[in-house]
Each structure stands twice: as C-alpha cells, then as structure tokens.
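What you see is a predicted model; the values in this text were computed from it and never measured. So that the names make sense, note that chain A is the first sequence line, chain B the second, and so on, each numbered from 1.
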2 protein chains.
Amino acid sequence: MRPSASDRIRLVAELDTLFPGRVSRSPSLLEQHSHGEGYHAAHAPDAVLYVETTEEVSQALAFCNAHDLPVVAFGGGTSLEGQLNAVEGGVSLDLSRMTAIIAVHENDLDCRVQAGVTRQALNLHLRDLGLFFPVDPGGEATIGGMCATRASGTGAVRYGTIRENVLGLTIVLADGRIMQTGGRVRKSAMGYDLTHLMIGSEGTLGIVTEIQLRLQGIPETTAAAICQFDTLAGCVETAVQVMQMGLPVARMELLDDVQMQACIDYSKLDSYRPVPTMFFEVSGGPQAVAEQIGTIEALSVDNGGASFAWSTRDDERAALWKARHAVYWACLAFRPGYVGISTDAIVPISALTEMILGAKSDIEASGITAPIVGHIGDGNFHTVMLVPPGEDALARAHDLDARLIARALSLGGSASGEHGVGLAKRDYLPQEHDPVSIDVMRSIKATLDPKNILNPGKIFPAARP
Amino acid sequence: MRPSASDRIRLVAELDTLFPGRVSRSPSLLEQHSHGEGYHAAHAPDAVLYVETTEEVSQALAFCNAHDLPVVAFGGGTSLEGQLNAVEGGVSLDLSRMTAIIAVHENDLDCRVQAGVTRQALNLHLRDLGLFFPVDPGGEATIGGMCATRASGTGAVRYGTIRENVLGLTIVLADGRIMQTGGRVRKSAMGYDLTHLMIGSEGTLGIVTEIQLRLQGIPETTAAAICQFDTLAGCVETAVQVMQMGLPVARMELLDDVQMQACIDYSKLDSYRPVPTMFFEVSGGPQAVAEQIGTIEALSVDNGGASFAWSTRDDERAALWKARHAVYWACLAFRPGYVGISTDAIVPISALTEMILGAKSDIEASGITAPIVGHIGDGNFHTVMLVPPGEDALARAHDLDARLIARALSLGGSASGEHGVGLAKRDYLPQEHDPVSIDVMRSIKATLDPKNILNPGKIFPAARP
C-alpha cells in the first residue's frame with residue numbers, strides 16, 4: 001500500500017539523510033520534474049533525487065521498494081507521451097548527472113556510457129576518433145531515456161533504432177538488485193534476451209544506469225540531397241521505391257508543404273519553396289555515393305521531383321540536418337502561443353501513400369494546422385498538431401490523433417513508431433496488441449516489480465478490460 | 001508433478017484420440033526425435049505429435065499442461081547443443097509440416113511464414129520476386145527453430161542475426177493461449193518487446209508457430225572474392241580492418257589451413273592451397289561493388305594476402321558458398337568415423353587475433369584435429385573438434401571447448417554466438433551472466449510456464465547455486 005501524504009514527507013526526509021545534499025523539494029525543480037516535452041497536465045513528484053552511480057540507484061530503489069514509494073526515472077526530460085509524469089507522486093530519480101563515457105573501444109566500434117550521457121555529448125566525444133552513434137531523436141535526450149522509450153530518429157532507416165544499437169545494459173531492478181544484461185559481442189545466443197525486454201519498457205521494469213552501445217565509423221564520403229516535388233504522392237512514392245530497391249540510404253526525411261513553410265521561416269531555408277520536399281543523405285565510398293545519388297535523382301525525377309540539389313560540403317549538410325532536427329521548434333514558432341502535440345504513427349511502407357494522403361485529408365477536415373514530417377523510409381511520420389488555447393481545439397486534436405492511429409492500425413501499422421506509450425497511448429495498447437500479449441506483459445511487470453513502484457500508471461490502460 | 005510411466009502411456013493414447021493419425025510411437029521416429037545434430041546422448045520422447053496449425057499447437061499444449069507432460073518443439077532437427085533431447089520424456093511436437101508461406105509483401109520487403117518453413121524453401125519461393133532472406137545457418141533449419149535458438153550465419157555481418165530480421169511472432173504459451181507479438185512495421189514503441197524475449201528462448205517460454213520476417217532485395221551486383229594468406233594472423237587482421245573501416249561487406253568467412261584442406265578434399269576446391277583463407281562477398285551497385293573489392297584487395301595484400309581472385313559469375317559464387325555451407329560435412333569426411341563437435345565462441349573483434357591464435361595453440365596442445373571456420377566479421381568462429389571413439393578423446397574435446405570458452409569469456413566474449421545453450425552450455429550460463437540476471441530469467445520462466453512443461457532441463461544449470 002502506498003504511504004500516506006504525511007508518510008511520504010517523512011520518507012523524503014529519510015532519503016535526504018541517506019543522500020545528503022542530493023534531495024530537493026524546491027518548487028521549481030518539482031515542476032521541472034513533473035512532465036516531459038509533451039502536452040500532458042503535469043504531475044509533480046514528492047521529491048527529486050539526483051543520483052551519480054549505479055550503486056546509488058540501487059540504494060534508492062531498495063529504500064523506495066521497502067516503503068512502496070513510486071520512482072520515476074528522469075534523464076533529459078524530453079519524452080513526449082507523459083512518461084515522466086509522477087502520477088502517483090514519489091521520487092523523480094534524476095540520472096542526468098550520470099554523464100561518464102566509461103570506455104570507448106574504437107577498434108570494436110563500441111562504447112560504454114552512463115545513462116545520463118546525451119547523444120550530442122557522445123558524438124562530440126567520438127568525432128576525433130572517426131566514429132559516431134547513429135540514433136538521433138530530437139531534443140537533448142539521454143541515452144538511458146532513449147533505451148527506456150525505444151527511441152530512434154533519422155538514422156534508423158540505415159542503422160536501426162536504439163534496439164539494434166544496444167549490446168548490453170546495467171539495470172537496477174525494483175528491489176535494488178543490480179543486473180548486467182547482454183555483453184560486448186555483436187551477437188550471443190546464451191540465454192533470454194533481457195536487454196531487449198528492458199528497451200522500451202519505459203522505466204516500468206528496471207532503471208537503466210549503463211549502456212553498451214554499438215558505434216559506426218564515419219563514412220569516407222557523405223552527401224546530402226534535397227528534392228522538391230510537385231505532389232506529396234510523388235514524394236512518398238520516391239521513398240517507397242528507394243526502400244524497395246534496397247538502396248542503403250543513410251537518411252531520408254519527408255517534409256510536407258506546411259512543414260517546409262515552417263522550416264523556411266524558422267531555419268531561413270530561403271532558397272526553397274513551400275512544397276513537399278525530401279531530404280536525403282547517402283554515405284560510403286565516393287563511387288558508391290555518386291552511384292546512389294544518381295539512382296535517387298532518377299527516381300525523384302520520375303516521380304515529379306524538381307530542383308534536385310546535392311552537396312558533400314560539411315557546412316551545407318550540417319545546416320540541412322540542423323533545420324530537420326529543429327522542425328518541432330519551427331512548428332511551435334509557426335503558430336505562436338499554440339501547443340504542439342506530435343503524432344507518431346507508422347505503417348508498412350507499401351501503405352505509406354494511402355496513409356499520408358489520408359492523414360492530409362484528416363488534417364484538413366479537422367481544421368487544425370498540422371505540418372507533416374516523416375522518417376519516411378521506416379514508414380513512420382509525425383504531424384505536429386498546433387492547437388490553439390481552449391478545450392474544444394484540444395478535443396479536436398485528440399480526435400485527429402485517434403483518426404490517424406485508427407487509419408495506421410487498419411493498414412497494419414502501429415500507434416507509435418518511436419515515442420512510446422507513456423500516459424498518452426495507454427488506451428491504444430489494447431487496440432494494437434491482443435489481450436494475451438498484454439496479459440503476458442502485465443505478468444512480467446508483476447514478477448519484476450511486485451509492488452508496482454517503477455513508473456506506475458504508465459504503458460498499461462488504467463482499468464483491466 | 002510429472003505423470004508416471006504408465007500414466008504417460010495413457011496420456012499418449014488420449015492424445016492419439018485428440019489428434020487421430022498424428023501421434024506416433026514408432027521406434028525409428030522416437031529415435032529421430034531424440035536428438036539434434038549435436039553429439040549428445042539421445043533422450044527419446046514418449047511420442048511424436050505432428051501438428052499443422054497454430055490451433056493444433058494450442059490444443060496440444062493445453063492438454064500437456066493440464067497433465068504436466070513435457071513438450072519439446074521439433075523442426076528441422078538441426079540444432080547442435082541438445083535442444084531437442086526429450087530429457088524428461090513427454091511429447092516431441094513436430095512442426096515440420098507447417099510449411100505454408102502465408103504471405104509475401106514484396107513491396108514491404110516482408111513475409112509471414114509458418115514455423116516449419118526452411119530458409120532454403122523460402123529463398124526458392126522468393127527468388128523470382130527479386131527478394132531473399134539473409135539468415136543462413138548451416139543445415140536445413142526451419143525458421144521456427146532459428147527463432148528458438150537465435151540463429152545466424154554468414155549473412156549476419158551485413159544483415160544481422162534472426163533477432164534483427166523478425167518483426168513479429170505467433171506464439172503458443174505453455175497453457176495453450178495464443179499470442180501475437182510485434183507486428184508488420186519496421187519499428188514500434190508500443191509496449192514490451194515480447195518478440196525478442198521469445199527469440200533465443202529455445203522453446204522454454206512458448207512455441208513459435210508463425211513468423212513475420214524482414215526480407216532484402218537481391219542486390220544489383222554481387223561479387224565473391226577469395227584470398228589466401230601466408231599467415232592466420234594476416235587473415236584475421238584483414239577482417240578486423242574491414243570491420244573497422246565500416247565496409248558493408250555482405251559476407252566474410254575465415255577458413256584456417258586445416259579447414260581448407262578438408263574443403264579442398266570434400267568440395268573439390270582443387271585450385272586452392274591448404275592455407276588460411278578468406279571468402280568475401282560484396283554487393284550493391286556495380287560501382288560500389290568495384291570500389292569495395294578494390295579496398296578489400298588492398299587491405300588483404302597489406303596483410304600478406306596473395307592470389308586475390310574475384311568473380312561476379314553466379315555459378316562460381318554458388319560453388320564457393322556451397323563449399324562454405326558444407327564445412328561441417330567436409331570436417332566429418334576429413335576423419336571418417338570420428339564425431340564432430342562444434343564450438344561456438346565469439347569475442348569483440350579487437351580480440352579476434354589473440355582469440356584465434358590462442359585457440360590454434362589450445363587445439364595443438366589438445367592433440368585433437370579441429371579445423372577453424374569463422375563468421376569472422378562478427379567475431380564468431382567454430383572449431384569442429386573431430387573426436388575419435390573413446391571416453392578419453394571425448395573428455396579431451398570437452399576440455400578443449402572449456403579452454404576456448406574460458407579464453408573467449410576472459411576477452412569479453414560469449415560461449416555461444418549462434419548455437420544456443422541447450423544442454424551443452426548450461427553450466428557456462430553462470431560463467432557468462434550474473435546471478436541476478438539468471439534469477440530474472442528463471443522468474444520469467446516460472447511466470448510463463450509454471451509447470452515447467454516447455455523443454456524442461458534446457459538453458460538453466462540443473463542445480464541452483
């Protein structure tokens with residue numbers, strides 16, 4: 001049974017004794033730890049505890065488990081679906097100070113980092129070694145948080161999501177026990193795959209404190225290309241054909257006319273028009289790059305693409321991908337004072353044209369401004385629904401999201417490609433997964449966290465059907 | 001509690017009534033279902049039941065669970081670590097008749113198959129569509145069995161193991177409930193990753209009946225190259241450098257001098273010498289292929305490689321890879337009357353040279369003939385220990401395997417890259433994984449299979465420490 005409000009105050013005081021100087025109840029920190037970057041109403045924890053080592057996480061969880069106190073792991077604070085909200089109060093366990101890059105094995109193309117390292121910090125550290133880490137969600141996400149939500153980004157079409165790039169984890173279980181999963185090798189067949197059970201479990205099964213990551217060598221040559229299209233259909237069809245040909249494209253992102261307008265305004269992409277646009281990146285040896293660019297250009301032109309322009313200049317590429325990573329902020333600036341709610345549907349690639357054209361008409365019918373940007377090679381796209389103040393507009397936005405998800409599920413897709421379930425997608429879980437698999441998920445949760453202290457209220461629908 | 005011997009006879013008779021004409025107790029079939037292709041002493045089941053649908057698997061498991069009767073899933077019969085032995089008797093559930101290719105979505109590069117489909121049958125079906133399935137363990141393994149053991153093969157260096165190529169599964173749980181995991185999309189962040197929990201669980205958590213697989217487009221150009229080296233070290237160093245440069249090599253296999261002699265004899269590779277040798281395959285656009293071949297040749301020559309020869313002719317490539325896939329049989333033919341026991345260690349690639357040169361000296365010290373063949377790009381290699389009749393030689397072979405595993409573990413490796421645990425590697429599990437993670441594995445097993453009917457005696461060491 002959860003402790004009462006007065007017991008919680010006493011427990012936080014005890015925690016303060018256990019971790020002197022690391023516990024805060026300052027209103028501004030409680031507020032900061034009451035939500036992510038999503039739109040959900042905030043839920044503040046009773047306290048924030050800053051941890052610096054795996055052993056400290058272990059001590060904290062042992063204490064909280066003994067006292068039935070909920071624990072929400074907190075990293076970069078960038079999750080979008082309410083994963084960070086402390087819906088039952090308790091402790092927000094802040095791992096953002098765990099920023100050690102423990103080891104880089106450049107000859108093995110792997111490294112080990114603490115959970116609070118961001119991808120930006122890691123890539124800065126790796127650059128001089130000729131290596132990079134390819135998983136790039138928007139925002140200053142931590143690697144631990146990326147594991148928790150099964151994140152991906154623009155590099156997934158080539159290198160996979162975080163799921164394919166983690167070799168092993170250090171996990172602290174609900175009762176404080178420390179567990180190592182996986183290892184350093186590229187593959188192993190020794191026992192159950194606990195690494196992948198933990199990835200995407202959103203802090204409900206254990207807390208990630210260290211991660212063994214695969215790295216990639218920076219390719220000899222990298223080129224970026226932009227192609228603008230007469231029609232959205234031509235744009236999507238080009239992406240479908242690139243995938244079907246098995247071209248090893250490094251990145252391939254779709255921006256619709258509205259999104260391009262927002263990016264032109266925000267990122268000063270003045271030489272482009274507000275029409276459906278594809279950003280490509282290809283990499284490899286110089287001949288392979290030239291060959292791929294030629295093929296992509298031919299496909300693009302066949303599908304009504306015009307103004308195909310490519311560059312191998314680092315500064316031009318950097319400007320392009322900086323603009324791409326800034327789309328969320330570009331959207332918010334596009335309608336000042338509005339709330340941005342990102343959708344996250346994904347479909348098999350053959351259904352993409354139907355999905356995106358359908359989404360476009362759903363958006364028009366809703367009356368909501370909602371630019372589309374997509375990890376198109378994966379079949380995953382986001383609309384940032386720009387919602388004016390007021391209950392009515394918020395209800396219309398939720399209705400639009402529900403329509404997009406229903407459309408994606410009817411096409412064999414998923415409600416979330418990369419943002420996770422959190423609070424926002426809980427009620428979609430039974431629409432996507434059968435009751436038996438949800439029962440199995442619940443039974444694993446009950447086995448590993450019998451007191452339900454780890455991020456309670458997330459992933460599973462509130463009431464059992 | 002397990003049924004007595006007389007109860008088991010009665011239960012098999014009941015099963016015969018439930019599945020008329022599908023239950024066999026013929027001695028030859030019981031013998032065939034008492035072992036895989038490994039060296040272990042056989043353990044016959046009480047009966048073999050041939051199933052043809054997921055629903056039949058469900059009925060069979062519900063029956064067996066109700067009566068505490070063990071069930072061992074059986075596919076191609078090719079596993080190497082004793083996974084198929086019915087150590088507690090019970091039912092060998094034969095899924096080899098479940099050979100339907102349910103759907104191929106060529107535009108999505110995916111398909112859905114029943115568990116009894118072999119990779120050979122699938123690739124034959126796919127060839128005219130310009131697609132292929134890249135996971136290729138030796139032998140006529142079924143896709144269901146490959147999921148169970150987390151198999152891989154020569155294509156893993158480019159395309160990953162079965163783990164990276166399965167999108168979703170139909171699983172029958174111990175009590176007969178049917179569960180769908182994953183889906184059709186390339187990625188999803190909706191709930192726990194039950195797909196990967198099942199992959200590699202060796203039929204101890206559930207039985208795979210259908211698999212949603214990723215497919216690959218057949219590349220425009222494919223070339224194979226062979227390079228023979230003065231020294232084993234030069235051979236290994238070339239592989240390490242290819243990986244460190246991030247070349248997207250499609251296959252890269254090492255054969256040591258002894259293995260080459262066996263292959264020359266068995267597969268009539270008369271134009272080659274019995275020296276350390278690398279088989280390469282590269283694929284992509286013609287310019288990309290030429291570029292890669294040039295880079296690999298330069299690296300090979302730098303490391304003492306001679307007689308670098310490459311070909312894009314289909315028949316020459318096919319002959320080469322046929323010889324590679326036949327190494328196990330080549331080894332057996334190399335010492336007629338001997339038993340072949342395959343080792344399966346894997347290490348981080350930077351440790352490969354030390355690992356393989358150390359293995360070579362361990363082999364020499366053991367007095368056992370043991371050719372080396374390796375999925376060298378993954379850091380995974382096999383020695384086929386050729387063991388003459390007699391207890392003494394068998395003990396020496398086990399001792400050699402233990403030395404190789406100890407060496408691999410000390411270098412940050414794993415006891416099994418792709419063959420799994422089964423019976424043979426159970427006692428190595430606690431050497432490789434910590435007690436907490438093994439406890440978690442056991443607790444998941446107990447949750448999903450409380451009566452321990454699914455492949456009992458496998459993966460976990462017999463006595464709890």
Side-chain angles (χ1 to χ4, degrees), chain A residues 105 107-108 149-150 152 156 161 164 177-181 183-194 196-197 199-201 216-217 219 244-246 285 287-288 291 346-350 378-379 412-421 429 432-434 436-437 440-441 443-444 447 459, chain B residues 105 107-108 149-150 152 156 161 164 177-181 183-194 196-197 199-201 216-217 219 244-246 285 287-288 291 346-350 378-379 412-421 429 432-434 436-437 440-441 443-444 447 459:
Chain A
H105 304 106
N107 290 338
D108 292 316
T149 53
R150 203 181 294 135
S152 54
T161 73
E164 287 80 25
R177 286 181 300 163
I178 299 167
M179 160 171 98
Q180 307 295 333
T181 74
R184 279 196 57 209
V185 284
R186 286 166 58 98
K187 63 183 191 185
S188 168
M190 285 296 284
Y192 301 164
D193 186 347
L194 301 180
H196 287 95
L197 180 63
I199 290 176
S201 66
Q216 302 290 332
Q244 287 168 356
M245 287 187 65
Q287 293 175 51
E291 189 170 41
I346 179 167
V347 292
I349 195 151
S350 69
D378 290 326
S414 169
S416 173
E418 56 184 25
H419 295 166
V421 185
L429 196 75
E432 183 165 335
H433 290 297
D434 65 51
V436 177
S437 69
V440 168
M441 292 180 202
S443 69
I444 291 171
T447 301
I459 294 188
Chain B
H105 303 106
N107 290 339
D108 292 315
T149 53
R150 202 180 295 134
S152 55
T161 74
E164 286 81 24
R177 286 181 300 162
I178 299 167
M179 159 171 99
Q180 307 295 332
T181 74
R184 281 194 57 210
V185 284
R186 286 165 59 99
K187 63 183 190 184
S188 167
M190 285 295 285
Y192 300 165
D193 187 347
L194 301 179
H196 288 95
L197 181 64
I199 290 177
S201 65
Q216 301 290 333
Q244 287 168 356
M245 286 188 65
Q287 293 176 52
E291 188 171 40
I346 180 168
V347 292
I349 196 151
S350 68
D378 290 326
S414 169
S416 173
E418 56 185 25
H419 295 167
V421 185
L429 196 73
E432 184 164 334
H433 290 297
D434 64 52
V436 178
S437 70
V440 168
M441 293 181 201
S443 69
I444 291 171
T447 301
I459 295 186

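- Across B:A156 and A:R186, no two heavy atoms sit closer than the pair O-NH2, 4.4 Å.
- Between B:D434 and A:Q180, the shortest heavy-atom contact is OD2-N, 2.7 Å.
- Between B:A189 and A:R150 the shortest heavy-atom distance is CA-NH1, 3.5 Å.
- With chain A as partner, the option from B:M190, B:H433, B:M179, B:H196 having the largest number of non-hydrogen pairs under 4.5 angstrom is B:M190.
- Taking chain A as the reference chain and counting heavy-atom pairs below 4.5 Å, the highest number among B:S188, B:G246, B:S414 is found for B:S188.
- Per-residue heavy-atom pair counts under 4.5 Å with chain A were compared for B:P348, B:S152, B:A288, B:G183, and the maximum is reached by B:P348.
- Of the listed residues (B:G217, B:G191, B:P219, B:A415), the greatest number of heavy-atom pairs within a distance under 4.5 Å of chain A belongs to B:G191.
- Proximity to chain B is limited to the side chain of A:E164, based on heavy atoms less than 4.5 angstrom apart.
- Taking every heavy atom of both residues into account, B:S350 and A:N107 meet most closely at CB-CB, 3.8 Å.
- Contact of B:L429 with chain A is made through backbone and side chain together, with heavy-atom distances under 4.5 Å.
- The side-chain heavy atoms of B:V440 and A:Y192, taken from C-beta on, include no pair separated by under 4.5 Å.
- Ranked by heavy-atom pairs shorter than 4.5 Å toward chain B, the options A:G417, A:G379, A:G420 are led by A:G417.
- In terms of heavy atoms, A:V185 sits closest to B:G413 at CG1-CA, 3.7 Å.
- In this view, B:H419 and B:H382 satisfy the ring-ring contact (aromatic ring centres under 6.0 Å, His included) rule, not counting sequence neighbours.
- Ranked by heavy-atom pairs under 4.5 Å with chain B, the first of A:R184, A:E418, A:Q244 is A:Q244.
- Comparing A:G412, A:S416, A:S437 by how many heavy-atom pairs each has under 4.5 Å with chain B, the most go to A:S416.
- Checked options B:T181, B:L194, B:L197, B:D193; the residue passing with A:M441 is B:L194 (criterion: side-chain contact (heavy atoms from CB on, under 4.5 Å)).
- Neither the backbone nor the side chain of A:Q216 comes within contact range of chain B; no heavy atoms are under 4.5 Å apart.
- B:E291 pairs by the salt bridge (charged side-chain N to carboxylate O under 4.0 Å, His left out) definition with nothing, not counting sequence neighbours.
- Of the residues considered (B:D108, B:T149, B:V421), B:D108 shows the highest number of contacts with chain A, using heavy-atom pairs under 4.5 Å.
- Across all their heavy atoms, B:K187 and A:I346 have their closest contact at O-CD1, 3.3 Å.
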